[in-house]
Amino acid sequence: MKILLVEPGYYTQYPPLGLLKLSTLYKMQGHEVRFVRGLELVTRFVPDEIQVTSLFTWAWKPVWEAVAFYRALFPKAKVSLGGIYATLMPDHARESGAHEVVTGLIKDAEDLMPDYEMVPAWHRDRAASIVFTTRGCIRKCDFCAVPMLEGKPFQIRNTGRIGHLIHPDHKRVIFWDNNILGEKHWPDVFEELRELDLEADFNQGLDARLVTEEVAHELKRVRIPTIRFSYDFIQMRNSMERAILNLRHVGLKGHRMGHVVCYVLYNHRDTPDDLFTRVRDLLAWGVAAYPMRYQPLTGDYALNKDSYVGPNWTAEELEMVAVARRVIGFGGAFPAYEGLVKKFEKARNFEEAFGLRARKDKEQSAAPKRVKPATHGFELKEFAWDLIHMGRDHQHPTHALAGNI
Ligand code: B12
Ligand code: SF4
């Protein structure tokens with residue numbers, strides 16, 4: 001059978017992992033596969049099936065366009081639609097005109113090496129393997145889609161071996177596990193990273209509540225340029241602080257502490273002052289805070305990014321956060337620069353921390369100087385690039401900062 005795999009033309013920095021794994025699966029089953037992105041006039045290939053993937057719910061329009069375009073191009077082919085938007089909002093996805101909407105994971109594809117040959121630019125330039133060693137999560141936070149998308153937590157393999165998911169040409173591994181420390185195989189994964197001498201990015205953040213001294217010790221022994229956590233709600237305060245203290249106890253300090261970044265959810269059940277407290281905590285503990293605006297998972301608001309305003313927030317307050325991230329932040333984050341630490345220390349509330357006073361000439365805000373990091377002279381450049389990439393991923397205009405590094 002001939003299968004056309006389609007990634008709609010939405011913004012993304014990463015290759016379509018689901019389709020890359022499906023490509024491997026279909027090739028193993030003896031099918032002929034072609035991959036396209038966006039709307040492309042496919043020649044010399046007449047598919048029997050067209051499989052369209054999807055990502056964020058708010059990126060639904062390019063998905064509908066792709067379905068309509070390829071249906072018109074190949075009227076005899078069956079069009080299936082799967083992926084994240086299709087799983088979170090299947091009824092809406094059905095209106096796209098796809099013959100079939102497939103929800104959830106294709107388990108047979110989960111333990112396969114993605115077909116990186118389909119995305120040569122990524123394969124050559126970024127040279128990183130993207131891996132899920134687990135799906136699901138031991139927790140069930142109500143702002144998170146993972147339980148809906150992936151169901152009960154499970155390990156992709158019973159053993160912690162991951163070598164077969166890492167392309168031999170890649171020296172970096174990006175983990176998309178939602179909560180790798182929640183599964184018992186993580187020490188084996190860390191061991192293999194060391195054996196293979198690979199650099200790792202636990203991209204979705206590690207669960208601070210699980211960072212005991214033993215875990216901190218193991219983290220120190222793996223090459224992780226940026227250690228990511230999330231401080232999603234104020235009740236996590238003690239465990240968050242303990243995780244950071246544990247990292248310090250095992251000797252992670254200086255530049256490596258400066259490379260700890262913590263996602264901070266806001267616009268959910270929290271209040272602006274609560275966001276302020278969490279950012280202030282993180283800066284005081286010497287790590288970077290990366291505010292992340294809550295986006296609904298289903299319903300009308302989920303179809304339109306940044307349309308939702310939480311019950312304790314106003315549109316103006318949300319705008320204040322966005323502006324502060326651009327003006328006094330770096331790549332959308334607040335690193336523990338001396339000026340920022342002091343600003344948050346002095347502020348008594350959200351308004352004082354995030355409200356940017358206009359200068360007398362009213363042309364520029366009184367942003368603290370961000371040239372001097374408070375973090376013992378760590379290699380700012382590498383970390384700054386990481387933040388800039390994160391900023392791009394999260395669609396904050398960071399180009400203006402690039403020249404400052
Ligand atoms: C990696 C990731 C990111 C990356 C970007 C990803 C990218 N590709 O560009 C980064 C870190 C930048 C990111 C950012 C954000 N993210 Co994010 N992210 C993820 C993550 C971990 C994986 C997404 C992904 O690319 N998956 C690849 C998918 C499509 O492949 P797959 O799932 O392996 O595919 C399987 C099945 O889906 C199926 N399949 C897939 N396609 C098809 C097609 C057919 C035909 C069939 C049959 C089957 C099929 O088969 C595959 C094999 O099993 C998910 C969480 C998760 N566990 O999924 C959150 C997730 C998508 N992110 C989410 C959110 C909220 C965000 C942010 C808004 C966070 C914030 N507040 O800043 C930002 C928004 C950025 C933006 N550009 O707008 C939410 C989405 C909510 C929503 N309403 O859509 C998720 C679900 C996380 C969550 N915990 O709730 N994210
Ligand atoms: S711990 Fe993280 S991945 Fe797990 S349910 Fe909560 S937000 Fe989602």
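Treat the numbers as computed from the prediction; the structure is a model and nothing was measured.
- Side-chain contact between Val264 and Leu282 is present, with heavy atoms from C-beta onward closer than 4.5 Å.
- Figure legend: cation-pi geometry between Arg325 and Tyr290, with NZ or CZ positioned under 6.0 Å from the six-membered ring centre and within 45° of its axis.
- Few gaps surround CZ on Phe154; more than 12 heavy atoms of other groups in view lie less than 6.0 Å from it.
- When only modelled atom types and interatomic distance are considered, Asn312 and Thr271 share no side-chain donor-acceptor pair under 3.5 Å.
- The ring pair (Phe, Tyr, Trp, His ring centres under 6.0 Å) test applied to Tyr26 returns no partner, not counting sequence neighbours.
- A distance below 6.0 Å separates the ring centres of Phe190 and Phe202.
- With ring centers used as reference points, His170 lies under 6.0 Å from His123.
- Between Trp313 and the options Phe354, Phe350, Tyr294, a ring-ring contact (aromatic ring centres under 6.0 Å, His included) holds for only Phe350.
- Using a 4.0 Å cut-off between a side-chain N of Lys or Arg and a carboxylate O of Asp or Glu, Glu218 and Arg194 qualify as a salt bridge.
- Ring planes of Trp64 and Trp60: perpendicular class, angle over 60° (limits at 30 and 60°).
- The number of heavy atoms from other shown groups lying within 6.0 Å of CG (Asp300) does not exceed 12.
- Proximity of the aromatic rings of Tyr85 and His92 is defined here by a centroid distance below 6.0 angstrom, and this criterion is met.
- Taking the six-membered ring for Trp and the full ring otherwise, His167 and Trp122 have centroids separated by 6.0 Å or more.
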Exercise answer: donor-acceptor pairs, residues 135-144 side-chain atoms, under 3.5 Å, sequence neighbours excluded:
residue, atom, partner, partner atom, Å
Arg135, NE, Glu110, OE1, 2.7
Arg135, NH1, Glu150, OE2, 2.8
Arg135, NH2, Glu110, OE1, 3.4
Arg135, NH2, Glu110, OE2, 3.0
Arg139, NE, Asp207, OD2, 2.6
Arg139, NH2, Asp207, OD2, 3.1
Asp142, OD2, Arg269, NE, 3.2
Asp142, OD2, Arg269, NH2, 2.2

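- Atom CD of Gln29 sits in a crowded spot, with more than 12 heavy atoms from other residues, nucleotides or ligands closer than 6.0 Å.
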